[in-house]
Every structure is written in C-alpha cells, then in structure tokens.
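Everything on this sheet refers to the single structure shown next.
Here is the naming used below: chain letters follow the sequence lines, and residue numbers restart at 1 for every chain.
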There are 2 protein chains.
Amino acid sequence: MEQLEKAVEQPLLEECEASCHGTEADLRTIRAQMLDEPSIAEMAEWFKALGDPTRVKLIGALLQQELCVHDLSVLLEMGQSAVSHQLRYLRNVRMVKRRKVGKTVYYSLDDAHIAEIFHVTYEHLKHK
Amino acid sequence: MEQLEKAVEQPLLEECEASCHGTEADLRTIRAQMLDEPSIAEMAEWFKALGDPTRVKLIGALLQQELCVHDLSVLLEMGQSAVSHQLRYLRNVRMVKRRKVGKTVYYSLDDAHIAEIFHVTYEHLKHK
DNA sequence: GTATCATATGAGCATATATTCATATGTTTT
DNA sequence: AAAACATATGAATATATGCTCATATGATAC
C-alpha cells in the first residue's frame, strides 16, 4: 500500500531500479520523447471538441457544405440555442468560421485537416 | 421568439421554404448523407477518449512502447490509481490492451490507427 | 501460512459539460 | 417608428468526468 501514490514527489527515474518493470534504464528516454505540456493540451482540446455527438453531427453536416444556424438546427433536430452554443464552442477552437449575410449567419469548416482526421477515424471504426 | 425551439416536432424539411437560408430544397439531401446515429456515437466516443490530457499522455507514451502501470505512473507523475482508472477507460474503448506477467501488467496500444490519427492531428496543430 | 508488491476498484467530491429557458442583440421589412 | 426574424448569450440545472482515498484482488517471496 501507499507505494507511489505520491509519485510526484520522487526524484523520478533515479531510484526506479527497485520497481516492477523491465525498462528501468530508459524511462528517461521515453520521457524525453513525450510531447510537451502545451502540445498535449492542444491535442486534448482538439479531440475533445470532436468528442461529443452534437459536435460530430455539426462537423459532419458542415463537411458537406456551408449552412446557417437555422438549417443546422433543423438537420440536428435540436433547439436553436443548443446549436448556437455548440457552434460557439467549435468557433473558439477554430474548427469552424462564420459569415454573415443580413440576419443569417453561415457556418463552415475553418480547417482543411478536420476532413482528413474525420475520415480516417470513420474508416477506422467501420473496419473493426 | 419561440421560433424553432421545438424543431423536433416539425414535419422537417417539408415546410422549410419559409426559412432564412438559400438551401431549402436540399436539406433532405444533406440529411441523407449524414452519418447514422450509431456511427456518430462511435466517432464521438472515440474522440472523447483522446480528449483528455492524461489520456493523451498515456497514448503518447504507449506509442513509443509497451509499459507497465507503475512506469506510466512515474512518467505521468500521477498516482497509480488515477492512471489505472484511465487505463481502464482506454481499455473499455479498445484503444489499449494488457498483458500480465506475474504481478505486473503491461499495457500497449490495441489499434494501429491510433498512431495515424494521433500523428495527423499533431502535425496539424504544429503547422497552424 | 504471512508479508509484500503491483494493480484494480468503489465511493466520494469537486469541477466541467450540455441543454433549456428567457432574454438580448442586430437586421430587415413594413 | 414598430414588428418580425435570425442568432447570441447568461443563468440555471442535471449529468458526467477525473481525481483521491481507502481498500480489494491477485501474485510472488519468505
């Protein structure tokens, strides 16, 4: 019990020879190749944005073409407010951009890579 | 006010000519090409699994090589329990699998596509 | 057997999320 | 000007999430 619940306060890697694994020597190497914190945060934020059914639907629809809030609301069968909130979310992470024409606002994808990531993932899930 | 807050109860697409957009006619077409609910749920679940810094770190480490819980705990500088919980999460969505050797359990990626998705996304975020 | 180690798990808690409701903002029409 | 429309936003609420703590399980060593 107790063991490494406080891993944080250890010298880290220095006294790890006493542990369970067969990789003692090169935890340091692995660590050196790990992503830095900012990159990790960005990755997570990006995936999280796609990690919700409503947002997946929005992206999926916009993958086809630019659409206004109202149409998205109809397509998703959701209230205008909910759709608007999620569009703001997607806008904040720069997955989506908007274009105003009179009183209506058209949304479209703001990133070429989304399609790629989306498709790779979809194909993956299909062949599994 | 009130407008389409109840989009759900509409005939949908039938009486949409009265709305804001310029795409009235083919909302039906767009809808036809949208992903079905199960696929959407799977996509979201998949992305959600990657949508957390801790899990991104775990995947990132396992991308390099198989590792036991203890080593992951040291690498991430997190308690063993937290790591174990997240590993279970990743196992539930089949991103990760385990191999027992005595009392230690080695985790590794359970999916070839993860690396691809991970790298595409990372490259994307870097060049932005 | 007992002790120790590596991992897993359930409960509890604090925070984050997604949606709804009511209302605000900004635009067009009359 | 007022009315109607399209979208945005803040507050409230219900649910989900991630971590910690304590403890359980399962394996090895003594």
What's the [atom1]-[atom2] distance between [X] and [N], to the nearest Å?
{"X": "Leu87(A)", "N": "dT9(D)", "atom1": "CG", "atom2": "P", "value": "11 Å"}
{"X": "Met78(B)", "N": "dC21(D)", "atom1": "CE", "atom2": "C1'", "value": "14 Å"}
{"X": "Arg88(A)", "N": "dT9(D)", "atom1": "CZ", "atom2": "C1'", "value": "6 Å"}
{"X": "Tyr106(A)", "N": "dT7(D)", "atom1": "OH", "atom2": "P", "value": "8 Å"}
{"X": "Tyr89(B)", "N": "dG18(D)", "atom1": "OH", "atom2": "C1'", "value": "11 Å"}
{"X": "Ile40(B)", "N": "dA18(C)", "atom1": "CD1", "atom2": "P", "value": "16 Å"}
{"X": "Glu45(B)", "N": "dA16(D)", "atom1": "CD", "atom2": "C1'", "value": "14 Å"}
{"X": "Asn92(A)", "N": "dA18(C)", "atom1": "CG", "atom2": "P", "value": "12 Å"}

Could you work out which one of [options] sits closest to the side chain of [X]?
{"X": "Thr104(B)", "options": "dT9(C), dA6(C), dT7(D)", "value": "dA6(C)"}
{"X": "Lys100(B)", "options": "dG26(C), dC19(D), dA27(D)", "value": "dA27(D)"}
{"X": "Ala82(A)", "options": "dT19(C), dA8(D), dT27(C)", "value": "dT19(C)"}
{"X": "Lys103(A)", "options": "dT27(C), dC19(D), dC5(C)", "value": "dT27(C)"}

Under 4.0 Å between a side-chain N/O of [X] and OP1 or OP2 of [N], yes or no?
{"X": "Gln80(A)", "N": "dA6(D)", "answer": "no"}
{"X": "Arg98(A)", "N": "dA8(D)", "answer": "yes"}
{"X": "Arg55(B)", "N": "dG18(D)", "answer": "yes"}
{"X": "Thr54(B)", "N": "dC19(D)", "answer": "yes"}
{"X": "Lys48(A)", "N": "dT17(C)", "answer": "yes"}

Upstream residue (5' side of DNA chain D) when Val101(B) and Val105(A) are each assigned their closest nucleotide: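 Mapping each residue to its closest nucleotide by heavy atoms, the 5'-most match is Val105(A).
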Over all atoms of both residues, closest heavy-atom pair of Gln80(A) and Ser73(A):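 Here Gln80(A) and Ser73(A) meet closest at N-OG, 3.7 Å.
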Backbone of Ala49(A) reached by a side-chain donor or acceptor of Arg55(A) within 3.5 Å: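 Looks like yes, one N/O pair under 3.5 Å.
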Ring centroids of His85(B) and dT9(C) base under 5.5 Å with planes under 30°: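 Yes; by the centre-distance and plane-angle rule, His85(B) counts as stacking on dT9(C).
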Residues Glu45(A), Arg94(A): salt bridge by 4.0 Å N-O rule: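 No, this pair does not count.
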Carboxylate-amine/guanidinium contact Lys97(A) Glu66(A), below 4.0 Å: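 Looking at Lys97(A) and Glu66(A), the cut-off is not met.
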Base dT9(D) to side chain Ser81(A), donor-acceptor N/O within 3.5 Å cut-off: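 Such a pair exists between side chain and base.
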Toward the 5' end of DNA chain C, by each residue's nearest nucleotide, Tyr107(B) or Gln86(A):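 It is Tyr107(B), whose closest nucleotide lies nearer the 5' terminus.
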Intermediate values then yes/no, salt bridge (charged side-chain N to carboxylate O under 4.0 Å, His left out), Glu37(A) and Lys57(B): CA-CA 9 Å; Glu37(A) 279 291 345; Lys57(B) 287 177 203 167; 3.0 Å; yes
His124(A) and His113(B) aromatic ring geometry - parallel, tilted or perpendicular at 30°/60° bounds: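 Plane angle between 30° and 60°, so tilted.
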